[in-house]
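For reference, the structure is listed below as structure tokens.
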Amino acid sequence: MHSPVSSDPTSPLLHNLNPEQLAAVTLPARPALILAGAGSGKTRVLTTRIAWLIQTGQLSPGGVMAVTFTNKAAKEMLTRLGAMLPMPVRGMWIGTFHGLCNRFLRAHWKLAGLPQGFQILDSADQLSAVKRVIKAMNLDEERYVPKQITWAIAGAKEEGLRPGDIEVHDAQSRVLAEVYQAYEDQCQREGVVDFAELMLRTYEILRDNAALRDHYQHRFRHILVDEFQDTNKLQYAWLKMFAGPHTAVFAVGDDDQSIYAFRGAQVGNMTDFEREFKVQQVIKLERNYRSFGNILDAANELIAHNSKRLGKNLSTEAGPGEPVRVFEATSDFAEAQWFVDEAKQLHRDGVNRSDIALLYRSNAQSRVMESALFNAGVPYKVYGGLRFFERAEVKHALSYLRLIENPNDDTSFLRVVNFPARGIGARSVEQLQDAARTSGRSLSQSVGAVAGKSGSNLQGFVALIDAMREGTRGLTLREIIEHMLHHSGLVTFYTTDKDGKDRLENLEELVNAAEAFVTQEGFGKDAVALPVDEHAGALAEGLPVAVAAVDLTPDAETGEIMSPLAAFLTHASLEAGDNQAQAGQDAIQLMTVHAAKGLEFDAVFITGLEEGLFPNEKSVADINGIEEERRLMYVAITRARKRLYLSFSQTRMLHGQTRYNVKSRFFDELPENTLRWLTPRNQGFGSGFAREYQSAWQKGSGLSGIVGAGQQAPRPNTLNTASSAGPKTTTAQGLKSGQSVFHNKFGEGVILTIEGQGEDARAQVNFGRHGMKWLQLSIAKLTPVD
């Protein structure tokens, strides 16, 4: 032990702590629960507590155990301690749960039954290992999906269950237990562990070895745990193994910010800890050093509607600050344009773009916002994720679309030839590439050169693309994409994927992107039926005036113009270009609310505040689900330092259709005196706007009945093209659908679709060997063939 240093509050270490922080830092050596509100200085309290314990001689550096949830938090804690303490901080056990378990198992590898140099499997390695087990057991991968088995094994370990503990009640659970056992045996043979195994094996060693458990309980007389509200069942059990009857566990957390139930986090651990560790004192850190009063008042009143909470109220000495601004948009496009305009004005007023954050509940919501930022030339960065057109599932979908448009696109071919898996391995692809190089042809044209089952599978893939191309003839752009998504197998694949919900939402958003592109670029304008009342104008005005510059000018010689699909793919490539901010560039931050936890910004925009979106539609029937969504909203609000904006939209594109929305219930839970409505209060929301809008459209279209707010309105296709029911008979310049024609360059073909009138008339023609072309009829000079 080090010689005691005065614990008097005048000690330099304790300078500038508020009374509650000081009380937490200087607590006696006993279990304590610190309810640390957002922006209340919890990291400072944690690090100062460790430094104070060491400097007052109550603790040696080797006796420190501090558990964090991220490596970043652990490094920050070590850096701060290095600045506070005169002695080296080496020897302290400060790290994440998994990091500390790795350290423990390296020290006790023999007892753990592991080789000294055991390796750790990352998620990809773990999936590969499970696939090998399934193959060795001759199981059908379509029935026993490797990804699902992998998640089930990880979930069982987080519950502290070994294969023998799995409850077998049907064939599926029996096979799961058998695969789990075979996977464990394989890992043991190979001397490897996965992340969940690090935790579970450490827990089991301490549980089953009293002498070792006693050693660590005496060594770590003080254990400090950050973000305690995010602990799961196994992590809490692990903590109890290290904590002896005389251990002072210093648990810091905020039950109001528990937002990871989907990862297994149990907010109830805080209540259990208070009871099981006989906590005598709960200290609440309620003084916020981040936000102004109006922002905190909004957060406090919102979260007060949750019944299952330990209770605290954030306050500040910074004054009320500016009111919380609320904007009601007519459409998601209008909402995006408003955000861009407001963000540009903030930047002109001196706010760095990096201090402006746009938060959304679902990843798919970023697409409309990204498009508006791209069109305005405003640099942005998607924090903790990828831009919309860079997301893997979107790139897969675009690759299929490119192959429909151009079967000789080798880059797209290679991306999806075995996605979803169809038995085409790396060796088969190498053989195909060799054959293509030898013949000077594309990969698609060379599949016949590969023999055996591999060749059959490759030919099957090409046949699939050909069938999709044939099946999309005469369809609208939206229908083409929907057809591709289902026939390619992407929808089926992501339906069984653990993260599939978000990925499916992004694929649905791709349909929305196509629908918006068609409207904005003017394809099939004469076929668009617009609502006839005054709101139609407002909606139209909300649309961005242009998207990425796609040249739709007909070729002066042939009259050929881009098909809607080709134009959309060009648009997607342009928007996926270089508008993403470079490292170090001042850029607006886009992120989900989950990704925003722990961050703060001068100006925060929370968008899409509508029922079914935020709160999420799956949560509304469950009180626990609604309380978690409310905690998520609380986290979003408390990210703002100076300005907070809330926005929602009357209409939003979902699944390629316009939906009418009801504003989020959270608006009714905010104190009215903190809000400033930038648009007229309740300008039709829930009081008839959607009904009036739909009724006017129905009168104009001859439909009867009323579609209420929140329901999907039927509407015509935006492209006047031939449907799967058969060819149209529309005529233009003496031509009609289904007619054979001759073109000077492309030869003989058949007209599939005709759009427009007069000089704007254009036709889609199948020229066989030259493929399908869109032609401007005033230039192409097609000759009818008898």
Side-chain angles (χ1 to χ4, degrees), residues 1-36 40-68 73-95 97 99-100 103-104 107 206 212-228 238-253 273-274 276-285:
M1 294 287 183
H2 294 270
S3 57
V5 173
S6 171
S7 61
D8 188 88
T10 59
S11 167
L13 265 182
L14 308 179
H15 283 175
N16 301 318
L17 296 177
N18 68 38
E20 294 76 26
Q21 291 174 333
L22 179 63
V25 167
T26 58
L27 271 173
R30 60 176 183 243
L33 179 59
I34 313 300
L35 279 181
S40 62
K42 70 178 177 64
T43 305
R44 184 182 185 192
V45 167
L46 274 166
T47 51
T48 308
R49 168 78 172 169
I50 294 171
W52 181 77
L53 288 170
I54 291 173
Q55 288 207 351
T56 54
Q58 301 178 62
L59 191 61
S60 65
V64 174
M65 178 188 274
V67 192
T68 67
K75 287 176 182 175
E76 182 180 354
M77 199 175 289
L78 284 166
T79 301
R80 291 195 189 193
L81 283 168
M84 288 180 173
L85 295 170
M87 75 278 295
V89 295
R90 286 192 301 274
M92 296 182 182
W93 278 40
I94 296 179
F97 281 101
L100 296 181
R103 187 168 182 168
F104 176 89
L206 289 168
L212 189 64
R213 184 170 68 246
D214 187 61
H215 163 76
Y216 278 102
Q217 288 179 355
H218 278 86
R219 175 178 175 177
F220 298 122
R221 292 299 183 94
H222 288 267
I223 298 177
L224 302 94
V225 185
D226 192 14
E227 305 285 10
F228 194 83
W238 176 94
L239 174 68
K240 289 192 281 189
M241 289 297 105
F242 278 101
H246 304 293
T247 305
V249 179
F250 190 80
V252 181
F273 171 76
E274 187 178 0
E276 293 175 11
F277 281 77
K278 298 179 173 59
V279 173
Q280 299 177 28
Q281 191 171 8
V282 176
I283 294 180
K284 298 179 181 181
L285 303 182

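Taking the side chain to side chain contact (heavy atoms under 4.5 Å, CB included) definition, one finds that Thr48 meets it with Leu14, Leu17, Val25, Arg44, Met84, sequence neighbours left out. Taking the side chain to side chain contact (heavy atoms under 4.5 Å, CB included) definition, one finds that Ala23 meets it with Ile283, sequence neighbours left out. Residues that satisfy the side chain to side chain contact (heavy atoms under 4.5 Å, CB included) test with Asp214, not counting sequence neighbours, are His218. For Phe97, the ring-ring contact (aromatic ring centres under 6.0 Å, His included) partners are Phe69, Trp238, not counting sequence neighbours. For Glu227, the side chain to side chain donor-acceptor pair (under 3.5 Å) partners are Lys42, Gln229, Lys597, not counting sequence neighbours. Qualifying salt bridge (charged side-chain N to carboxylate O under 4.0 Å, His left out) partners for Lys284, counting only residues two or more places apart in sequence or in other chains: none. Here Gln217 pairs with Arg213, Pro245 under the side chain to side chain contact (heavy atoms under 4.5 Å, CB included) rule; sequence neighbours left out.
The shortest heavy-atom contact between Thr68 and Asp226 is CA-CB, 4.3 Å. Between Ala24 and Val45, the shortest heavy-atom distance links the atoms CB-CG1, 3.9 Å. The shortest non-hydrogen separation linking Trp52 to Thr56 is O-OG1, 2.6 Å. Nearest approach of Ala243 to Val249, heavy atoms of both residues: CB-CG2, 3.7 Å. Residues Ala29 and Ala248 share a closest heavy-atom pair of C-CB, 3.6 Å. Nearest heavy-atom pair across Pro31 and Val279 is O-CG1, 4.1 Å.
For the pair Phe242/Leu206, a side-chain contact is recorded, criterion being any heavy-atom separation below 4.5 Å from C-beta on. Contact annotation: the side chain of Ile34 approaches that of Phe250 to within less than 4.5 Å [non-hydrogen atoms, C-beta and beyond]. Annotation: side chain of Phe104 is in contact with side chain of Leu212 (closest heavy-atom distance under 4.5 Å).
Checking Leu53, Thr47, Leu46 one by one against Arg49, the side chain to side chain contact (heavy atoms under 4.5 Å, CB included) holds for a single residue, Leu53.
From Trp93, atom CH2 reaches atom CG of Leu224 across 15.0 Å, with rounding to the nearest 0.5 Å. Taking CG of Asn18 as the reference point, atom CG of Leu285 lies at 7.0 Å (rounded to 0.5 Å). Note that CG of Leu13 is 12.0 Å distant from OG1 of Thr26, once rounded to the nearest 0.5 Å. Put simply, CZ on Arg219 and OG on Ser60 are 8.0 Å apart, with the number rounded to the nearest 0.5 Å.
Taking the six-membered ring for Trp and thresholds of 30 and 60 degrees, Phe228 and Phe273 have ring planes inclined between 30 and 60 degrees apart.
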Review item, side-chain donor-acceptor pairs of residues 73-82, under 3.5 Å, at least two apart:
residue, atom, partner, partner atom, Å
Glu76, OE2, Arg80, NE, 3.4
Glu76, OE2, Arg80, NH2, 2.7
Thr79, OG1, Lys75, O, 2.9

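In terms of modelled atom types and a separation under 3.5 Å, the side chain of Gln58 and the main chain of Pro28 share no donor-acceptor contact.
Sequence neighbours left out, not one pair with a member in residues 13-36 passes salt bridge (charged side-chain N to carboxylate O under 4.0 Å, His left out).
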